[in-house]
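Read through the structure below, which is laid out as structure tokens, and then see the notes.
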Number of protein chains: 4
Amino acid sequence: MTAPVEAPGKGTFKAANHARRRAEILDAAAAVFAEVGYMRASTSAIAARLGMRQSNLYYYFSSKDEALAEICIVALDGYIRRMTAILDGEGNFEEKLRLTLRAHLHILTQRPEHYVTFLTCRHDLPDGARREVGKITRAYEALVERLMAEGVANGEVSARCDVKFAASSLFALCHNPAIYRDGVAEDNLDRLADTIADLFLNGVVQR
Amino acid sequence: MTAPVEAPGKGTFKAANHARRRAEILDAAAAVFAEVGYMRASTSAIAARLGMRQSNLYYYFSSKDEALAEICIVALDGYIRRMTAILDGEGNFEEKLRLTLRAHLHILTQRPEHYVTFLTCRHDLPDGARREVGKITRAYEALVERLMAEGVANGEVSARCDVKFAASSLFALCHNPAIYRDGVAEDNLDRLADTIADLFLNGVVQR
Amino acid sequence: MTAPVEAPGKGTFKAANHARRRAEILDAAAAVFAEVGYMRASTSAIAARLGMRQSNLYYYFSSKDEALAEICIVALDGYIRRMTAILDGEGNFEEKLRLTLRAHLHILTQRPEHYVTFLTCRHDLPDGARREVGKITRAYEALVERLMAEGVANGEVSARCDVKFAASSLFALCHNPAIYRDGVAEDNLDRLADTIADLFLNGVVQR
Amino acid sequence: MTAPVEAPGKGTFKAANHARRRAEILDAAAAVFAEVGYMRASTSAIAARLGMRQSNLYYYFSSKDEALAEICIVALDGYIRRMTAILDGEGNFEEKLRLTLRAHLHILTQRPEHYVTFLTCRHDLPDGARREVGKITRAYEALVERLMAEGVANGEVSARCDVKFAASSLFALCHNPAIYRDGVAEDNLDRLADTIADLFLNGVVQR
DNA sequence: TATGAATGAGGGTTCATTCAT
DNA sequence: AATGAATGAACCCTCATTCAT
């Protein structure tokens with residue numbers, strides 16, 4: 001969890017290079033984690049993907065755990081902020097739901113492996129990081145539940161709807177494309193989000 | 001994949017003990033696999049849960065892989081048959097969908113850990129077994145897709161509905177309760193199934 | 001090394017059965033030892049060859065080591081006595097050498113696997129048995145060396161001949177057919193012995 | 001069979017160290033294999049001989065099998081080439097035979113344990129390597145058989161001589177000193193080779 | 001910054017052996 | 001006389017991690 005001992009000081013030239021390389025390593029790690037799972041991902045497989053040697057990874061990260069934690073944090077980055085903005089913004093339930101889905105799935109256009117890693121490797125985090133990540137996750141879920149609750153309150157959403165169940169179902173519908181597609185082109189994101197929204201809002205029944 | 005050489009002969013009355021013990025081991029293994037994942041699950045943790053020594057497991061199973069494969073097979077057992085029966089039976093789309101969900105989730109009342117293990121550890125199967133399990137899984141998915149297609153054909157389901165997307169979404173909605181609950185009491189199964197069916201059929205919108 | 005605890009008393013009916021079964025087990029063990037070597041020979045492979053279960057072997061033998069030791073003893077049985085008889089008997093060097101080879105290779109017509117096991121698994125004996133077997137082996141070698149020495153003494157064998165080297169060479173020439181053939185038919189034994197004798201006596205040079 | 005992934009790049013000057021260490025490990029392994037046999041040779045015994053930890057062996061070799069295969073290859077190295085040169089060179093049968101024996105036994109002055117390991121542990125090779133080694137071995141044997149056949153053809157060798165039997169007997173005569181001596185001093189090699197040649201050519205009979 | 005080398009801990013698996021029945 | 005069940009020790013191998021250079 002702590003930074004490697006000899007990491008360059010902030011603000012120097014070196015620091016920029018260091019940070020860039022760190023990010024590259026995170027990407028490689030996320031790719032391997034997403035493909036074979038955290039436990040099967042060997043540090044040398046990660047290093048090989050970057051053409052470097054295993055031991056050099058420890059110049060940038062103090063442990064494999066740390067890399068996983070950081071990937072999960074990156075994957076979660078901004079979710080709370082964006083979701084808060086959506087909730088505080090204009091629009092009825094349906095509009096906010098569509099915005100939510102776009103925001104939620106946006107990462108699939110940028111860092112799909114980070115998202116998959118978050119979904120599938122979260123449980124492999126060491127206790128401390130797992131609790132931390134869990135806290136953020138639950139806060140985010142709470143915001144989505146609030147969206148549902150607002151929908152119920154203003155009559156757009158059926159009163160029979162259990163907000164917790166609805167929120168977790170919404171997430172579940174997002175996992176599928178995350179895991180079974182290699183990534184999402186930027187121009188397809190909105191269509192994907194709306195497809196999910198349509199199902200979630202209206203179900204499959206013909207009207 | 002084959003039973004250990006020194007297992008008792010078939011049909012003897014000792015064979016029943018052997019089979020019972022095997023099943024107990026499978027249950028213990030499924031519990032550990034579901035809890036910490038296949039890779040983190042040590043064979044001695046499985047043995048400890050049964051008060052036996054690790055090496056004794058190999059009297060019943062020839063490898064950890066074999067146990068996983070068997071758990072996945074058990075989890076899949078009967079799905080094709082039951083789904084075929086539903087499709088060939090009476091009822092409109094909605095009725096068949098509700099039956100499908102009950103059949104699909106029924107395992108949660110009996111062997112929830114087997115189901116979770118199947119969902120989360122499938123990828124850890126050795127190549128041969130993974131292909132075999134994949135074949136069964138795809139056949140089952142195809143049946144559910146056929147259900148969707150029939151719904152579209154007779155006008156109960158919206159024509160805009162992509163059957164593949166719909167089928168995989170239905171499964172996704174089932175994963176949630178599987179993973180986040182410890183099991184489902186037999187008398188709650190129908191309610192759970194119907195809750196999912198309601199969402200899937202009509203969405204959350206108030207009408 | 002000690003007999004199993006509950007072995008039947010000598011002279012009883014049971015004792016005969018017991019001894020017969022013991023011999024069968026020794027044969028099976030010798031076959032497996034000869035085929036894959038002592039270390040790779042599992043007790044269950046031996047049992048399987050007899051249609052019995054591994055644990056039952058321990059009713060007849062107290063350990064795998066004991067079976068090996070006994071096989072080696074059986075393989076050596078009578079060598080000293082027969083060699084002594086040959087040395088004490090009539091005939092010149094060449095005649096005695098041919099008798100020696102026939103006596104030495106005779107086991108190939110009866111228990112080739114015992115001989116091969118002796119040759120290839122001797123080193124796997126536990127210390128005590130190895131010394132015992134080594135003692136007998138050396139005594140036998142000494143007799144063969146005496147044969148060579150007598151040949152030298154009476155002028156039939158070249159005076160330049162090192163008796164130790166000659167004796168061990170004679171044995172070496174016997175190992176080949178032992179290891180590379182499946183066994184020797186009784187009527188071929190004399191021919192095989194004479195072929196080796198011819199080479200040993202006269203070499204390959206044309207005269 | 002392939003070198004470990006993280007071995008140093010070819011041509012670097014670190015690679016030389018790596019190769020040297022690899023060779024040291026092979027020597028240690030050969031010594032242990034020759035002493036107690038492949039199956040009884042534990043990797044930690046090999047490591048202990050070098051003052052390193054067992055796991056470090058795997059930085060140089062990917063498996064115990066690989067080390068054995070390499071030892072056998074080393075033991076066979078050059079045999080075909082040298083034997084071909086002898087056959088294609090000048091000299092009558094007797095001269096070529098003596099050259100053959102010197103070439104064959106030369107390894108006893110350099111790496112006796114490799115030779116003994118080859119002789120006694122060949123059967124423990126995994127299937128692929130065993131076939132490969134078997135192929136080389138048989139090719140070499142065929143060359144020695146050709147030598148015998150040439151001797152028969154030009155009248156130096158008795159027409160009654162079976163070339164296959166003669167060739168395998170020659171090898172058998174070489175096994176003895178290999179196995180029962182700790183090695184051969186360089187200046188004794190020729191004498192040893194000639195002793196064997198004398199026996200093989202003329203037998204023990206006084207003329 | 002990066003590498004080669006080394007290590008300790010742990011895991012899955014095999015197997016001879018024991019013992020109650 | 002034979003079997004099912006269990007066990008402990010040993011073994012090969014993997015891997016994250018460390019450290020000197």
Side-chain angles (χ1 to χ4, degrees), chain A residues 4-8 14 17-18 21 39-47 51-65 67, chain B residues 4 6-9 12-15 17-18 21 39-47 51-65, chain C residues 4-8 14 17-18 21 39-47 51-65 67, chain D residues 4 6-9 12-15 17-18 21 39-47 51-65:
Chain A
V5 183
E6 312 184 31
K14 305 229 168 181
N17 283 335
H18 189 81
R21 203 89 169 109
M39 290 300 294
R40 279 189 137 79
S42 71
T43 55
S44 53
I46 297 168
M52 66 168 53
R53 304 309 246 239
Q54 184 201 186
S55 55
N56 196 24
L57 296 174
Y58 288 83
Y59 182 71
Y60 297 94
F61 293 92
S62 70
S63 74
K64 200 182 154 192
D65 281 346
Chain B
E6 302 266 339
T12 70
F13 99 166
K14 305 270 180 169
N17 282 333
H18 190 80
R21 202 72 207 240
M39 291 298 297
R40 269 195 208 285
S42 73
T43 54
S44 49
I46 297 169
M52 63 168 56
R53 306 299 153 147
Q54 186 223 160
S55 60
N56 195 23
L57 296 174
Y58 289 83
Y59 182 65
Y60 297 92
F61 292 92
S62 68
S63 72
K64 199 183 157 193
D65 280 348
Chain C
V5 183
E6 312 185 29
K14 306 230 168 181
N17 283 334
H18 189 80
R21 203 88 170 110
M39 290 299 296
R40 279 188 138 79
S42 71
T43 55
S44 54
I46 296 168
M52 66 167 54
R53 305 310 246 240
Q54 182 202 183
S55 54
N56 195 24
L57 295 175
Y58 288 82
Y59 181 71
Y60 297 94
F61 292 92
S62 68
S63 73
K64 199 182 155 192
D65 282 346
Chain D
E6 302 265 339
T12 70
F13 97 169
K14 306 269 180 170
N17 282 333
H18 190 80
R21 202 73 208 240
M39 291 298 297
R40 269 195 209 284
S42 73
T43 54
S44 50
I46 297 168
M52 63 167 57
R53 306 299 153 151
Q54 186 226 161
S55 60
N56 194 25
L57 295 175
Y58 289 82
Y59 181 66
Y60 297 92
F61 292 91
S62 68
S63 72
K64 199 182 156 193
D65 280 347

N or O in side chain of [X] less than 4.0 angstrom from [N] OP1/OP2:
X	N	result
His18(A)	dT1(E)	yes
Arg53(A)	dG4(E)	yes
Tyr60(A)	dA2(E)	yes
Tyr59(B)	dA5(F)	yes

Give, for atom [atom1] of [X] and atom [atom2] of [Y], the distance between the pair rounded to the nearest 0.5 Å.
X	Y	atom1	atom2	result
His18(D)	Phe13(D)	NE2	CZ	15.0 Å
Met52(D)	Tyr60(D)	CE	OH	5.5 Å
Leu57(D)	Ser55(D)	CG	OG	8.0 Å

Margin query: At less than 3.5 Å, do the side-chain atoms of Thr43(B) and the base atoms of dG12(E) form a donor-acceptor pair?
Written below: no

If one requires at least 3 consecutive Watson-Crick or G-U pairs with distances under 3.5 Å, the stems of DNA chain F turn out to be E:2-21 with F:2-21

Quick check: closest heavy atoms across [X] and [Y], and the distance to 0.1 Å?
X	Y	value
Pro8(D)	Ala15(D)	CG-CA, 4.3 Å
Glu6(D)	Ser44(A)	OE2-CB, 3.2 Å
Met39(B)	Arg40(A)	SD-NH1, 2.9 Å

Between [X] ([atom1]) and [N] ([atom2]), how many Å, whole number?
X	N	atom1	atom2	answer
Asn17(D)	dA5(E)	CG	P	6 Å
Glu6(B)	dT17(E)	CD	P	14 Å
Asp65(A)	dA16(F)	CG	C1'	10 Å
Met39(D)	dT14(E)	CE	P	12 Å
Arg40(B)	dC15(F)	CZ	P	14 Å
Phe61(B)	dA5(F)	CZ	P	13 Å
Tyr58(A)	dT17(F)	OH	C1'	5 Å
Met52(B)	dA5(F)	CE	P	10 Å

Between Asn56(B) and Ser42(A), the residue closer to the 5' end of DNA chain F by nearest nucleotide is Asn56(B)

Margin query: So Ser55(B), base contact, sugar-phosphate only, or nothing? Heavy-atom distance under 4.0 Å.
Written below: base

What does Ala41(D) touch in the nucleic acid at a heavy-atom separation under 4.0 angstrom: a base, only the sugar-phosphate, or nothing? sugar-phosphate

Check: Is any side-chain heavy atom of Phe61(B) closer than 4.5 Å to a side-chain heavy atom of Asp65(B)?
Finding: no

DNA chain E nearest-nucleotide lookup for Arg21(A) and Lys64(C): closer to the 5′ end is Arg21(A)

Note: for Leu57(A) and Gln54(D) on DNA chain E, the residue whose nearest nucleotide lies more 5' is Leu57(A)

